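In listed order, ligands and their atoms are each counted from 1. Everything quoted here is computed from the prediction, not taken from an experiment.
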Amino acid sequence: MAKIRYTYNQDSCRYEPIIVTPKAFGKKTLHFLSICFLIGLAGSIYFHFKYPFLDETLQREQNAQLKAEWQILNKQFTRSSDQLTALEKNDDNNYRVILDLDPLSSSQREAGVGGREKESASIQYVFIKDVFVKAEKIKNRLDIETQSMEQLKTELSKKQRMWASRPAIQPINNKDLKQLHTIFGMRMHPTLGYIRPHNGLDFTAPPGSPVYATGDAVVMYTGYSTYGNVIYLDHGFGFETRYAHLTKYIVVPGQVIKRGQIIGYVGNTGVSAGPHLHYEVHYKNIAINPINFFQRDLSNKEYEKLIELSSQSNTSLD
Ligand SMILES: [Zn+2]
């Protein structure tokens with residue numbers, strides 16, 4: 001049974017029981033619960049700051065670790081970017097210059113860079129977004145540089161074929177050479193007795209001296225004409241060479257020839273004033289002076305000998 005509390009009534013001069021109404025009871029209970037709630041909240045805040053939750057501590061440690069890793073990664077990106085820049089400069093200033101190619105413009109090198117910036121904006125963490133953007137830029141620059149290297153490789157291969165094919169050496173070895181007749185152009189023919197063009201150089205050498213192909217080529221023609229036994233070589237890239245007055249040739253049309261390969265031997269066949277090789281170089285069907293093609297192949301001593309041999313005569317032999 002519940003205890004009954006009393007209070008002294010001065011008007012009636014007697015003790016009367018205290019009657020608690022439901023409204024008063026509810027008010028007191030609410031007041032009590034409010035105080036409890038405020039005390040609990042204050043305690044919770046105090047303990048949260050003084051003793052943070054374990055998950056939060058771990059998260060802070062992870063963030064610090066991620067930041068440290070990002071700084072390392074950032075340094076690596078900077079180093080990779082510097083190396084790539086050096087490679088690009090080497091490409092533009094050396095390789096492309098050697099191969100007669102224009103350097104890539106900055107707009108060509110920057111093509112595609114930044115295209116996925118919008119996509120990466122959805123990433124919450126700034127440093128992850130930063131890494132993503134840097135990685136994307138380096139990837140795009142690498143793609144462009146890879147394409148450039150492929151172009152250089154193709155161009156180099158083409159140039160190598162061209163350099164190997166170009167007529168660049170003497171068709172007669174200096175040890176066999178007795179005299180070089182450098183008359184090129186119109187002159188009096190030594191046996192026919194009238195003026196006609198001389199479209200090549202004459203190398204005097206003992207009959208049977210080897211005649212060398214002056215560049216990689218394919219044999220176009222072998223046969224006999226007023227120039228005696230002749231060989232025509234097609235070097236590609238617009239170049240053709242002709243070898244005349246041979247005692248014999250040892251190649252056949254269609255045969256692939258390498259520079260320095262023996263293709264025939266010096267003779268005196270056809271209309272000729274003596275044993276020699278008549279040698280012509282044609283570029284796009286026009287005869288050009290062959291002397292411009294083998295001077296660079298000679299040493300100083302060989303060049304002096306060539307000048308001496310060529311100065312002994314101002315005529316041609318055919
Ligand atoms: Zn000649």
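Between His278 and His245, the ring-plane angle classifies as perpendicular under the 30° and 60° cut-offs.
By the neighbour-count criterion of 12 heavy atoms within 6.0 Å, atom CG of Asn94 is densely surrounded, having more than that number from other residues, nucleotides or ligands.
The atom of Asp318 nearest to the Zn ion (ligand 1) is OD1, with the search restricted to N, O or S atoms. Take the N/O/S atoms of Asp202: the one nearest the Zn ion (ligand 1) is OD1.
In summary, an N, O or S atom of His198 is located under 2.8 Å from the Zn ion (ligand 1). One of the N, O or S atoms belonging to His278 lies under 2.8 Å away from the Zn ion (ligand 1).
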task: Assess whether ring-ring contact (aromatic ring centres under 6.0 Å, His included) is satisfied between Phe293 and Tyr279, documenting all intermediate values.
output: CA-CA 12 Å; Phe293 286 85; Tyr279 173 62; 8.9 Å; no
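Using a 4.0 Å cut-off between a side-chain N of Lys or Arg and a carboxylate O of Asp or Glu, Arg96 and Asp102 do not qualify as a salt bridge.
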